[in-house]
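Throughout, protein chains are lettered first and strands after them, A, B, ... in sequence-line order, and every chain is numbered starting at 1. Keep in mind that the numbers below use all heavy atoms, side chains included, and drop hydrogens, waters and symmetry copies.
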Protein chains: 2
Amino acid sequence: MSTLQSTDHLIERLREAGYKLTPARLAVLKVINSDDHAHLNPTDVLAQARKIYPKLGRATVYRALELLTELRILRPIYMGETTPRFIRAEGGHHHLVCNECGEVIEFAECMAGDLSQSLQEEFGFEIGSHLLEFYGRCRACK
Amino acid sequence: MSTLQSTDHLIERLREAGYKLTPARLAVLKVINSDDHAHLNPTDVLAQARKIYPKLGRATVYRALELLTELRILRPIYMGETTPRFIRAEGGHHHLVCNECGEVIEFAECMAGDLSQSLQEEFGFEIGSHLLEFYGRCRACK
DNA sequence: CTGATTGCAAAAATTTTGCAAGCCT
DNA sequence: AGGCTTGCAAAATTTTTGCAATCAG
């Protein structure tokens, strides 16, 4: 579905913003980029990224996550627990979330594009991405 | 804009679900209901609610927040930090979030209704509420 | 080289839990 | 009265910070 930016491109964005490419950041970037639909919390990211770069420290993951959020590469979202999970910030994310069991289904279409246009005009905002979530009960939980 | 349920009505929902109305819960409920557009984190809620009911303990706030979330009266969302903030779960929430300064503008209409209908059919979901957020840069930050 | 970045360990902050006492119905 | 709820204090988690050593450019 969505065309994701390659890890190379993301590295480029890091550089353009004046940050260094370190093994720690690269590992986090790879983990994040390895699965378009991943929703990983900081602890997950640490575990995954350590497979690539074992020396990685926990604090560094937080710092990398913060940096990547600042660069609009990631975005934290709520998925039922008290810890944030991070998703790719690009484009749109469309979730159907079950309040009962927590299942998350992704769906494709949404007409946020049109609305986006008029909001840009109305509020003078420059819009880059969006999140649309519906909450309810899934088939199984009914 | 949205017609909010009165505190009385919410109390009723608590009761119907078989929970007791205690001063702690009432205080949290009042805080939550005092401002339609509040985005409070647990610590904020504790501080506010203690003005109403000073004996209130922190753990109780977490328990109340959890309960109210379960009853679909509240919903946690992430707004750029690592702690969740709680918003009224009713109906839809439509945010224009500035990545730069964090400002959140609410806008009124969105096309979620139509989509909601088709998603219910397609996935067998029973949809109760939704969240639509656009991310970008506000007028001032450009 | 040189400042940005890291890992570590310690400090903070947040969230969860156990339990006796207290309160709602 | 009886059981749900509470506040407290302690445990568990999660997040942030200070700093010397290291690394990318």
Side-chain angles (χ1 to χ4, degrees), chain A residues 7-8 10-31 39-71 73-74 76-86, chain B residues 8 10-31 39-71 73-86:
Chain A
T7 302
D8 284 352
L10 297 181
I11 289 173
E12 197 42 46
R13 284 173 63 188
L14 246 195
R15 287 220 164 90
E16 271 168 24
Y19 296 101
K20 294 182 177 175
L21 178 64
T22 63
R25 287 172 180 164
L26 185 58
V28 170
L29 219 35
K30 279 184 178 167
V31 165
H39 322 109
L40 305 159
N41 62 32
T43 300
D44 294 337
V45 173
L46 176 64
Q48 299 276 332
R50 269 187 171 156
K51 293 181 190 165
I52 299 173
Y53 178 59
K55 276 202 308 177
L56 184 62
R58 195 182 202 75
T60 303
V61 169
Y62 280 93
R63 289 185 280 228
L65 255 15
E66 180 185 26
L67 176 61
L68 296 176
T69 297
E70 198 173 300
L71 293 178
I73 290 172
L74 297 183
I77 61 172
Y78 155 73
M79 300 201 55
E81 319 117 324
T82 58
T83 61
R85 305 192 86 93
F86 289 80
Chain B
D8 285 351
L10 296 181
I11 288 172
E12 197 42 46
R13 283 173 64 188
L14 247 194
R15 286 220 163 91
E16 271 168 23
Y19 295 100
K20 293 181 176 172
L21 177 64
T22 63
R25 285 171 180 164
L26 185 56
V28 172
L29 220 35
K30 279 184 179 167
V31 166
H39 316 114
L40 305 158
N41 63 32
T43 300
D44 293 337
V45 174
L46 176 63
Q48 298 277 332
R50 269 186 171 157
K51 293 181 189 164
I52 299 173
Y53 178 59
K55 276 202 310 174
L56 184 61
R58 194 182 204 75
T60 303
V61 170
Y62 280 93
R63 289 185 280 229
L65 254 17
E66 180 185 26
L67 177 62
L68 297 177
T69 297
E70 198 172 301
L71 293 178
I73 290 173
L74 297 183
R75 161 174 315 299
I77 61 173
Y78 280 92
M79 302 195 55
E81 317 122 324
T82 58
T83 60
R85 306 191 86 93
F86 289 79

How many Å lie between [atom1] on [X] and [atom2] on [N], as a whole number?
X: A:Leu67; N: C:dT6; atom1: CG; atom2: P; answer: 9 Å
X: B:Arg85; N: C:dT15; atom1: CZ; atom2: P; answer: 11 Å
X: B:Glu81; N: C:dA13; atom1: CD; atom2: P; answer: 15 Å
X: B:Glu16; N: C:dT25; atom1: CD; atom2: P; answer: 14 Å
X: A:Leu26; N: C:dT6; atom1: CG; atom2: C1'; answer: 15 Å
X: B:Leu56; N: C:dC23; atom1: CG; atom2: P; answer: 15 Å
X: A:Asn41; N: C:dT15; atom1: CG; atom2: C1'; answer: 14 Å
X: B:Glu66; N: C:dT15; atom1: CD; atom2: P; answer: 12 Å

Short side-chain donor-acceptor distance under 3.5 Å, A:Arg58 and A:Thr43
yes
Listed partners of B:Arg63 passing salt bridge (charged side-chain N to carboxylate O under 4.0 Å, His left out), at least two apart
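Partners of B:Arg63 under the salt bridge (charged side-chain N to carboxylate O under 4.0 Å, His left out) test: none.
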Let me have a per-nucleotide readout for nucleotides 15-25 of chain D, 5' to 3', with B, S or -, counting only protein heavy atoms under 4.0 Å.
BBBB-----BS
Donor-acceptor pair, A:Arg50 side chain versus A:Leu56 backbone, under 3.5 Å?
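Flag set: sc A:Arg50 to bb A:Leu56 pair under 3.5 Å.
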Flag, side chain of A:Arg25 to backbone of A:Lys20, donor-acceptor distance under 3.5 Å
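It does hold such a pair.
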What are the two closest non-hydrogen atoms of A:Ala17 and A:Leu71, and how far apart are they?
CB-CD2, 3.7 Å
A:Glu12, CD atom: more than 12 neighbouring heavy atoms under 6.0 Å
yes
